[in-house]
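Heads up, the thing below is written out as structure tokens.
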Amino acid sequence: MISLAYPWILLLVLLPLVFVRSNRKSEPVDAPVIPVGHWLSDMPGVTTQGQSVPRWRQFLILAGWLCLILSLARPQYVGEEIQMPVTGRDLMLVVDISPSMDEQDMVFQGQSINRLQAVKRVLDDFIDQREGDRLGLILFGTEPYVQAPLTFDRDTVRTLLFEAGLGMAGRATAIGDAIGLSVKRLRERPQDQRVVILLTDGANTAGEVSPEKATEIAQAAGVRLYTIGIGADSMIQRGFLGSRRINPSRDLDEALLTQMAEQTGGQYFRARSLPELEMIYDSINQLEPIEQDGQFYRPVTELYAWPAGATAMIWLLLMFLRLRSSQPRRDQTPEAGHG
């Protein structure tokens, strides 16, 4: 559908008629009358003296004027309605990358992988499903840092997650500081949409803010915490003296993670395997659904360049014709006299 952004500008099309009428009243009767008016006398190809302007040149002047007015009215092509993805949540992913996440107690396609690799695989699908959400990524170890601020660009968040390496943030685990930083980043967002998903395999061993204090701050800011404890309950460890069964998640502080989630209106999950981790993120998708409120927009393509270009071409043509007509004609060679 073609529309005009400023349709009232089309009234300027009548402006030449005002000048024509005023000129007819002020000039002598026998004076030549230019249909477009003396106000265009400086245009190339227009003159008020001597013989009248040829009709084809008057037509070009008028066409240029109409194209100029049309370009000023800003014609646009308005496309069909497209539904906008509306953000349902401002969701901050907080991932532990301390060296303990290198424990290879997860299994994928029959092969052992470490915990961070498992998190990356599952979060890849989770990020892909959160179309319309603002997603952010915080990585933490001894200190937390923002790997990706809140953004609609899910591909960037996914890329930055896969670039995360073990031990990049230190060898300890500062859960309290990580939660405090995530709350700081979410504080300016709508209160009913602030969500943090914390994934860790250990207990708080570093940081300036205790997890209990960070949870109080999150509760006061209206941030819901979903905490995930990752790690198998048992695995076979082989050594020089034989094999023995150990608990690779013995350092996981489940009581703390449960308290943090319940205090803020969230939920604690236990991921002992890759399928369990996948089910946890599916559950979070159900607990924090994406809200689509039916907003639409129409894509707009600007078309003013076409009439503006036509105006420029007509002006250049008139200028060329004027320069050509102003060149002196060559005198014809006089005929030789008779002897």
Side-chain angles (χ1 to χ4, degrees), residues 1-87 131-132 134 149 151-156 159 293-334:
M1 180 179 65
I2 304 296
S3 65
L4 299 175
Y6 312 117
W8 52 269
I9 289 183
L10 294 180
L11 295 176
L12 294 178
V13 171
L14 304 177
L15 190 60
L17 299 178
V18 177
F19 285 90
V20 169
R21 187 171 182 180
S22 63
N23 288 336
R24 285 178 177 176
K25 291 181 179 180
S26 60
E27 293 181 353
V29 177
D30 58 349
V33 177
I34 299 176
V36 294
H38 288 291
W39 62 286
L40 284 176
S41 60
D42 292 332
M43 287 285 291
V46 182
T47 177
T48 58
Q49 298 179 354
Q51 59 183 5
S52 60
V53 180
R55 288 189 177 274
W56 62 268
R57 192 167 295 187
Q58 295 177 17
F59 173 78
L60 283 179
I61 296 172
L62 183 60
W65 173 248
L66 293 177
C67 289
L68 176 62
I69 296 302
L70 182 59
S71 64
L72 292 176
R74 195 177 163 190
Q76 301 171 330
Y77 176 77
V78 182
E80 298 295 330
E81 286 187 343
I82 298 177
Q83 186 173 9
M84 293 180 60
V86 180
T87 179
E131 181 179 2
R134 285 185 179 88
T151 178
F152 287 115
D153 190 350
R154 292 172 294 149
D155 290 335
T156 297
T159 299
D293 58 7
Q295 293 185 1
F296 293 85
Y297 80 101
R298 291 180 179 270
V300 176
T301 303
E302 298 289 346
L303 303 176
Y304 67 88
W306 294 97
T311 303
M313 292 180 64
I314 292 173
W315 186 86
L316 291 174
L317 177 61
L318 290 172
M319 178 65 73
F320 171 77
L321 294 174
R322 182 175 184 179
L323 293 175
R324 185 177 180 183
S325 62
S326 64
Q327 293 178 355
R329 298 179 180 180
R330 295 181 179 178
D331 295 333
Q332 296 180 353
T333 304

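In this structure, Leu317 CG and Arg57 CZ are separated by 9.0 Å, a value rounded to the nearest 0.5 Å. The structure places CZ of Phe320 at 14.5 Å from CZ of Arg322, a figure rounded to the nearest 0.5 Å. The CG atom of Leu303 sits 8.0 Å away from atom CD of Gln76, with the distance rounded to the nearest 0.5 Å. Residue Thr311 holds its OG1 atom at 11.0 Å from CG of Leu316, rounded to the nearest 0.5 Å.
The shortest heavy-atom contact between Ile61 and Leu318 is CG1-CD1, 3.8 Å. Minimum heavy-atom separation, Pro299 to Glu80: CD-O, 3.2 Å. Of all non-hydrogen atoms in Ser3 and Val78, the two that sit nearest each other are OG-CG2, 3.5 Å. When every heavy atom of Ile314 is checked against every heavy atom of Leu60, the shortest pair comes out as CG2-O, 3.3 Å. The two residues Cys67 and Ala310 make their nearest non-hydrogen contact at SG-CB, 3.9 Å. Of all heavy-atom pairs spanning Ile69 and Leu10, the tightest one is CG2-CA, 3.9 Å.
With sequence neighbours excluded, no residue satisfies side chain to side chain donor-acceptor pair (under 3.5 Å) with Tyr77.
Within the structure, the side-chain hydrogen bond (donor to acceptor under 3.5 Å, both in side chains) test picks out the following pairs touching residues 5-16 (sequence neighbours left out): Tyr6-Arg74.
With a 4.5 Å cut-off on side-chain heavy atoms, Leu323 and Met319 count as touching.
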Leu70 vs Trp306, side-chain contact (heavy atoms from CB on, under 4.5 Å): CA-CA, chis, key distance, verdict: CA-CA 10 Å; Leu70 182 59; Trp306 294 97; over 6 Å; no
